[in-house]
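What you see below is based on every heavy atom in this structure, not just the backbone, and it leaves out hydrogens, waters and symmetry mates. All values reported here derive from a predicted model rather than from experimental measurement.
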Amino acid sequence: MKKPEKMKSSDITPESVFMMKRRNLLKLLGVGATGLVVSSAVKADIFSWFSDDKPAAPKIMLKELKFIKPKAYQADLALTPENKVTGYNNFYEFGLSKSDPAENAHTMKTDEWTVSIEGEVNRPMTLNLDDIRNKFSLEERIYRMRCVEAWSMVIPWIGFPLASLLSLVEPNSRAKYVAFETLYSPKEMPGQESRFIGGGLQYPYVEGLRLDEAMNPLAFMATGVYGKELPNQNGAPIRLVVPWKYGFKGIKSIVKIRLTESIPPTTWNLSAPNEYGFYANVNPNVDHPRWSQATERFIGSGGLGQVTRQPTLPFNGYSEQVASLYDGMDLRRYF
Ligand SMILES: Nc1nc2c(c(=O)[nH]1)N[C@H]1C(S)=C(S)[C@@H](COP(=O)(O)O)O[C@H]1N2
Ligand SMILES: [Mo]
């Protein structure tokens, strides 16, 4: 996300060509027969989709989940196909290419997982995965997802409202923010100790929301996607989804949630504070310093030549539900 050369890939993208036969792809990447200019960073990204030379990741069986489908969240939108939702990811702990998480995240062990919820709460607690399964009933929500890199998807998540989890621990009157932390385990997540793999971010990955944002009904804890439990590359066993914010707010593989009085540090803001703010609300009118946020490449079922560029919507299309959280705030200043 930080590297300028990674962002210049907008004319041709890995997702637009990954369905092609390698033979055709090589032709395409060769000389200018097609007239397309492809940066070397994008070539590397495209080639890793094919990964002939890399060992195939083990096929992992994911459990089917039981869930309801509340009408209010069954948006009438074309879904991004499952193989792209689970094959084109950002999870820098496992590498910087979009295909790295799917190939490498199997080294993370999720069966003995716990999430501790602590800080400014009346009832701090540590939940294991059985506790989470028993305390929260699951629902499916079809949400738009807009990465700050200007690509987007529509994803059928399964999980429960973050507000349900917060009500359980009872935030006290000092609680104003919610801080989240990803697992820290360099043995399982090689990017946490190698800057070549992990891009030199500070780990563990941390994120945060204001308490009123966290209590908004749209803020969601996902434990599944596409009818099954989350694959590791999507943030197993539990991750945050905040559909009106850029994707990097959706912290994966959470082990700690802490209610705080003051604003918590967040990973991308620590890394480049002039480029990534705390709020990170999707906003077509506030550009990233290095690229426009006015439009986005929707990753749908199409292949090469069918990448849809579409306008980006304020709050990613969720203004009605969330705009009032920011009444009176200058969204250029609080980007
Ligand atoms: N721990 C952790 N969480 C993370 C990231 C990451 O690198 N590490 N990447 C973020 C970014 S930039 C995006 S766009 C989303 C991608 O989620 P997905 O791969 O499930 O689509 O995860 C977010 N959560
Ligand atoms: Mo992102």
Side-chain angles (χ1 to χ4, degrees), residues 65-68 70 72-73 110-141 143 157-184 204-224 229-230 235-245 248-267 269 278-281 315 318 320-329 334:
L65 297 173
K66 286 206 175 66
F67 53 92
I68 58 162
Y73 295 107
T110 59
D111 38 355
E112 301 287 286
W113 204 271
T114 59
V115 182
S116 69
I117 310 144
E118 50 189 61
E120 301 293 354
V121 296
N122 295 331
R123 303 179 58 208
M125 55 182 78
T126 298
L127 303 176
N128 63 29
L129 294 181
D130 277 335
D131 298 329
I132 292 170
R133 279 188 277 266
N134 293 332
K135 286 182 194 300
F136 308 103
S137 53
L138 299 179
E139 61 183 80
E140 183 183 66
R141 292 191 179 188
Y143 276 163
W157 299 110
I158 293 156
F160 53 90
L162 174 55
S164 307
L165 186 150
L166 294 175
S167 312
L168 201 65
V169 296
E170 297 173 14
N172 67 31
S173 59
R174 286 180 299 278
K176 296 206 174 52
Y177 294 90
V178 188
F180 302 85
E181 201 173 300
T182 293
L183 175 70
Y184 184 72
Y205 195 101
V206 288
E207 257 306 334
L209 296 170
R210 230 169 46 191
L211 182 57
D212 59 341
E213 297 179 314
M215 293 301 290
N216 184 278
L218 286 182
F220 199 59
M221 299 301 293
T223 58
E229 56 188 10
L230 285 176
I238 185 163
R239 60 91 58 84
L240 178 66
V241 179
V242 257
W244 71 96
K245 293 176 178 285
F248 67 84
K249 298 295 289 182
I251 180 172
K252 295 178 168 180
S253 305
I254 295 167
V255 293
K256 196 194 283 187
I257 300 177
R258 190 173 183 84
L259 285 279
T260 63
E261 214 173 344
S262 51
I263 191 165
T266 57
T267 291
N269 180 254
F278 174 81
Y279 283 92
N281 292 317
F315 299 108
Y318 300 100
E320 211 177 296
Q321 295 94 322
V322 301
S324 64
L325 291 168
Y326 311 102
D327 277 348
M329 274 176 70
Y334 297 102

Compute the ring centroids of Tyr326 and Phe315, then answer whether they are less than 6.0 Å apart. yes
Salt bridge check: are Glu181 and Arg258 linked by an N-O gap of less than 4.0 Å? no
Do Asp131 side-chain atoms and Asn128 backbone N/O form a donor-acceptor pair below 3.5 Å? yes
Looking only at heavy atoms, the pair that brings Ser167 and Met215 closest together is OG-CE, 4.3 Å
| said: Checking Tyr73 against Tyr143 for the side chain to side chain contact (heavy atoms under 4.5 Å, CB included) test, could you report, in this order, the C-alpha distance in whole Å, the side-chain angles of both residues, the deciding distance, and whether it holds? | reply: CA-CA 8 Å; Tyr73 295 107; Tyr143 276 163; 4.1 Å; yes
Separation between NZ (Lys66) and CG (Leu138), nearest 0.5 Å, reads 10.5 Å
Do the side chains of Arg239 and Met221 get nearer than 4.5 Å, heavy atoms only? no
Distance col, row Leu230:CG vs Lys252:NZ, nearest 0.5 angstrom, shows 9.0 Å
Between Glu213 and Tyr279 the two heavy atoms that sit nearest each other are OE2-CD2, 3.5 Å
Tell me, do Leu325 and Arg210 make a side-chain contact under 4.5 Å, heavy atoms counted?
yes
Going by heavy atoms in the side chains, are Glu139 and Phe220 under 4.5 Å from each other? yes
Closest non-hydrogen contact found for Pro264 with Gly208 is CG-CA, 4.1 Å
Review point. Is a side-chain donor-acceptor pair under 3.5 Å present for Trp244 with Asn281?
Key: yes
In this structure, CG of Asp111 is separated from CG of Leu129 (nearest 0.5 Å) by 8.5 Å
Between Leu240 and the options Ile257, Val178, Leu162, the side chain to side chain contact (heavy atoms under 4.5 Å, CB included) test singles out Leu162
Between Pro204 and Thr267, the two heavy atoms sitting closest are O-OG1, 4.1 Å
Practice task
Would you indicate whether the side-chain heavy atoms of Leu218 and Val241 approach each other to under 4.5 Å?
Solution key: no
For the side chain of Trp113 and the backbone of Ile254, is there at least one donor-acceptor N/O pair under 3.5 Å apart?
yes
Requested in this report: Check the pair Val255, Thr114 against side chain to side chain contact (heavy atoms under 4.5 Å, CB included), reporting the backbone distance first and the verdict last.
Outcome: CA-CA 6 Å; Val255 293; Thr114 59; over 6 Å; no
- Query: Can you find a pair of side-chain heavy atoms, one from Ile238 and one from Ser253, that are under 4.5 Å apart?
  - Reply: no
Rounding to 0.5 Å, atoms OG1 (Thr110) and CG (Leu183) come to a distance of 10.0 Å
Closest heavy-atom pair, Glu261 versus Lys176, reported as atoms and distance to 0.1 Å, is O-CB, 3.7 Å
>> Using a 6.0 Å cut-off, check whether atom OH of Tyr184 has over 12 heavy atoms from anything other than its own residue.
In response: yes
Note: Leu211 and Ala175 closest approach over all heavy atoms is CD2-O, 3.4 Å
#### Entry: Test: Lys135 cationic atom under 6.0 Å from Phe160 six-membered ring centre, within 45° of axis
no
Start with the C-alpha distance between Thr223 and Phe136, add both sets of side-chain angles, then the distance that settles side chain to side chain contact (heavy atoms under 4.5 Å, CB included), and finish with yes or no.
CA-CA 11 Å; Thr223 58; Phe136 308 103; over 6 Å; no
Rounded to the nearest 0.5 Å, the CZ atom of Phe248 sits from the CG atom of Asn269 at a distance of 8.0 Å
Next on the checklist: A side-chain contact here means heavy atoms from C-beta on lying under 4.5 Å apart; do Leu209 and Lys249 qualify?
Outcome noted: yes
* Asked: Does the side chain of Ser164 reach to within under 4.5 Å of the side chain of Leu166, using non-hydrogen atoms?
  -> no
Checklist entry - Would you say the side chain of Val206 lies within less than 4.5 Å of the side chain of Thr182, judging by non-hydrogen atoms? => result no
Here the gap from Tyr334 atom OH to Met329 atom CE, rounded to the nearest 0.5 Å, amounts to 6.5 Å
Q. Can you list the steps and then say if Met125 with Val169 is a side chain to side chain contact (heavy atoms under 4.5 Å, CB included)?
A. CA-CA 7 Å; Met125 55 182 78; Val169 296; 3.7 Å; yes
